[in-house]
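In the text below, chain A, chain B and the rest are named by the order of the sequence lines, each starting its count at 1.
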Number of protein chains: 2
Amino acid sequence: MKKTTIHDIARELDVTFSTVARALNDHPAISAATKAAVLETAKRLNYQQNKLASSLRSGRTNVIGIIVPSLDTSFFSSVVHGIEKVMNENGYSMLLYQTGESLKQEQKGIETFLQSRVDGIISSVSGEVEGREFYEQISKRQVPLLFFDRAINELPVPSVTINDYQAGFVATEHLIKEGYKHIAHFTSDQNLTIFKERFRGYRDALQQYGLPMNEDMICKGRLSLEFGKDSVTRLLEQEKNFDAVFAAEDYTAMGALQVLLERGIKVPQQMGVMGFANEAFGAFVTPSLSTVDQQTIRMGEETAHLFLKLIANKDFYGTTPERIVLDPILIPRHSSQTVEPR
Amino acid sequence: MKKTTIHDIARELDVTFSTVARALNDHPAISAATKAAVLETAKRLNYQQNKLASSLRSGRTNVIGIIVPSLDTSFFSSVVHGIEKVMNENGYSMLLYQTGESLKQEQKGIETFLQSRVDGIISSVSGEVEGREFYEQISKRQVPLLFFDRAINELPVPSVTINDYQAGFVATEHLIKEGYKHIAHFTSDQNLTIFKERFRGYRDALQQYGLPMNEDMICKGRLSLEFGKDSVTRLLEQEKNFDAVFAAEDYTAMGALQVLLERGIKVPQQMGVMGFANEAFGAFVTPSLSTVDQQTIRMGEETAHLFLKLIANKDFYGTTPERIVLDPILIPRHSSQTVEPR
DNA sequence: TTGAAAGCGCTAACAA
DNA sequence: TTGTTAGCGCTTTCAA
């Protein structure tokens, strides 16, 4: 079945194709009669606009590209959910690209997006190592760019993030106020601002409350259940003097929690545990896992709204990039709350 | 900055633009020298192919459209993860559309995809009520279509699903073999095959083992933690004679589990609980939640592979649709295993 | 209100 | 091996 074009409709009605185009696009200069006739014929012939042609000509695609490390993560899929929802309501479609934390993939994704002439790119970067020059290609081409969660602070790009420093601080402060004094920190070995900031918050909280920070109690690795287990096991076997764990991610915290319980160490009475990200399981485990919520869906929505606001303004690259910083929400649960005095 | 086109490169090198096009597309009939020169100039001028123009002309976009109810669900985001990964490796980009279980959104998504001239559509439908004629638009236009997880069996469309009947059967059978005799079933009120099949499996397992099915013990509603809590509470308060719950979804099972524990009912000794979907939390709760794994990432990969295989064949709509059915994997955990005899 | 015409940037068939 | 030519289907300006 050959596809119907505006020419087919024009032929059918004995008008020119530009009249048809006007009718279809709600152009003001068109008689109600022809418009109705065109719409009727379009429907009858099963006409469907060719966005490729229209975009090629007009220079707008109404498509934005989204780059995330992976969708197989509740955090990112949840943010993407929020972004898509809002963008969709505003007439945009979404091209999606997963990088798997690989810089090369990230570059490939951006190239594809640029070639597809997306109207904008929203990205959460893969690790801030060298070789990010390709982001400059985006600004060179004047394509609106936004970061969410993981931004490159050196670049003048608008972003929506949460205050990871504050998050690290309040998480640690909470543990301190609950009476824990020797708090270990499990974090990522990835070179990402988010983790450095959480660490900085942890460090400053200890300092502010006059507690010493012990380098031995900082464990870095690939965040995961296993890493949490291994790290806490190592600390225990080295007989380090610690009474709480603050992990930069919930699965890691969960691993620690499991080992502690297996070994008969009482949580929260003997040891406090604090995670990060508010994964669904945290509320269900026993003891329930204290954590920090990152407002994922809200982050997605804010990102989309900021994007829409910024592209409404002609001169995207002429204005100082707006950076929205969301507040993290501390979720204290049983793994860190000592009901009885110790 | 004006965008570079093949014409700019041609002018620079004093050749025609078709020579440039050939060089860029690795056409065999081109001298090594010109090719090198073109590539060098292209890079120097920051050339980037315009896919809109290329697709418009060639009739292929290398884009596929994916339709899911929501990404804010570990199941769908995980499957999409798998699909994107494989499709990306094979040179496809992915347009994403969430329906929020709304038929109208689903139709809108499909229309957008068709207008964008995607090379194929992969969809998980929103509820099999009336008004699905728009799917016929897809076949009319000869656009390859695939279903995953939620298929419309009446349509001759290839699909990748899991055997929900078998899943319902083995889950129930497992409970029976563990000694439970009065098994309640909590399921969705959505009119979806997947839930009807799980229910059918449940019913047949009871029958096969000579256990009566009691209509009072079938609860239908919007699957959620709350629904699980409410349902089990109601059964308890009505003093129904039941000793196990098989929920068609993990959060629902979790709700039931929480209420049981709160009321001091021992799981699994007094009551067995079985979920569905293998959500992350199931492994971490106490007692850990028995469930059925749906092989999400594998489902995504299989879907992508089937799609690639089918479009390699010219005549997509001429061949009988292949339906791949994956086996569910029973994951027995503590919530259903009575270690000691009862 | 409608028509005519140009062209977005590319692919691909045919000719030289 | 390279050039010529004709569109793909639409938007948009100018003219009638």
Nearest-angstrom distance from the residue atom CD of B:Gln49 to C1' of C:dT11: 10 Å
Partner residues of B:Ser70 under the side chain to side chain donor-acceptor pair (under 3.5 Å) criterion, sequence neighbours left out: A:His81
Test side chain to side chain contact (heavy atoms under 4.5 Å, CB included) applied to A:Thr5 - qualifying residues, sequence neighbours left out: A:His7, A:Asp8
Between C:dC10 (C1') and A:Leu52 (CG): distance, integer Å: 12 Å
Euclidean distance, atom NZ of residue A:Lys35 to atom P of C:dT1 [Å, nearest integer]: 11 Å
With A:Lys35 via side chain to side chain contact (heavy atoms under 4.5 Å, CB included) - residues at least two apart: A:Ala23, A:Asp26, A:Ile30, A:Leu39
Pair A:Asp119, A:Thr61: side-chain N/O donor-acceptor within cut-off below 3.5 Å: yes
Protein-nucleotide distance (B:Ile6, atom CD1; C:dT11, atom P), rounded to Å: 6 Å
Sugar-phosphate, base or nothing in reach of B:Ser55, heavy atoms under 4.0 Å: nothing
Test ring pair (Phe, Tyr, Trp, His ring centres under 6.0 Å) applied to A:Tyr135 - qualifying residues, sequence neighbours left out: A:Phe147
Nucleotide interval of DNA chain D bounded by contacts with chain A (heavy-atom cut-off, under 4.0 Å): D:dG9 to D:dT13
Sequence-distant partners of B:Lys108, side chain to side chain donor-acceptor pair (under 3.5 Å), two or more places apart: none
Nearest-angstrom distance from the residue atom CZ of B:Arg11 to P of C:dG9: 11 Å
B:Thr16 and B:Thr19: CA distance, side-chain angles, deciding distance, side-chain hydrogen bond (donor to acceptor under 3.5 Å, both in side chains) verdict: CA-CA 5 Å; B:Thr16 44; B:Thr19 302; 3.2 Å; yes
Nearest-Å distance for atom pair CG/C1', residues A:Leu13 and C:dT2: 14 Å
Nearest-nucleotide comparison on DNA chain D, the residue closer to the 5′ end among B:Ser31 and B:Leu56: B:Ser31
B:Ala37: side chain to side chain contact (heavy atoms under 4.5 Å, CB included) partners, not counting sequence neighbours: B:Leu13
side-chain N/O B:Asn50 vs C:dC8 OP1/OP2, d < 4.0 Å: no
A:Leu24 CG to C:dT2 P, straight-line distance once rounded to whole Å: 14 Å
Under the side chain to side chain contact (heavy atoms under 4.5 Å, CB included) test, residues paired with A:Glu101 that sit two or more places apart: A:Pro69, A:Ser126, A:Arg150, A:Gln190
Length of the NZ-P vector between B:Lys51 and C:dC10, whole Å: 13 Å
Separation between CD1 of A:Ile67 and CD of A:Gln107, rounded to the nearest 0.5 Å: 10.5 Å
Partner residues of A:Gln105 under the side chain to side chain donor-acceptor pair (under 3.5 Å) criterion, sequence neighbours left out: B:Asn88
Set out, line by line, the N/O atom pairs under 3.5 Å between protein and nucleotides 3-6 of chain C.
residue, atom, partner, partner atom, Å
C:dG3, OP2, A:Thr16, N, 3.0
C:dG3, OP2, A:Thr16, OG1, 2.8
C:dG3, OP2, A:Thr19, OG1, 2.4
C:dG3, O5', A:Thr16, OG1, 3.3
C:dG3, N7, A:Arg22, NH2, 2.6
C:dG3, O6, A:Arg22, NH1, 3.1

Sugar-phosphate only, base, or nothing, as touched by A:Ile30 at under 4.0 Å among non-hydrogen atoms: sugar-phosphate
Residues that B:Lys104 engages under side chain to side chain donor-acceptor pair (under 3.5 Å), provided they are two or more places apart: none
Global bending angle along the helix from C:dT1-D:dA16 to C:dA16-D:dT1, which compares the axes of five pairs at either end, to 10 degrees: 30°
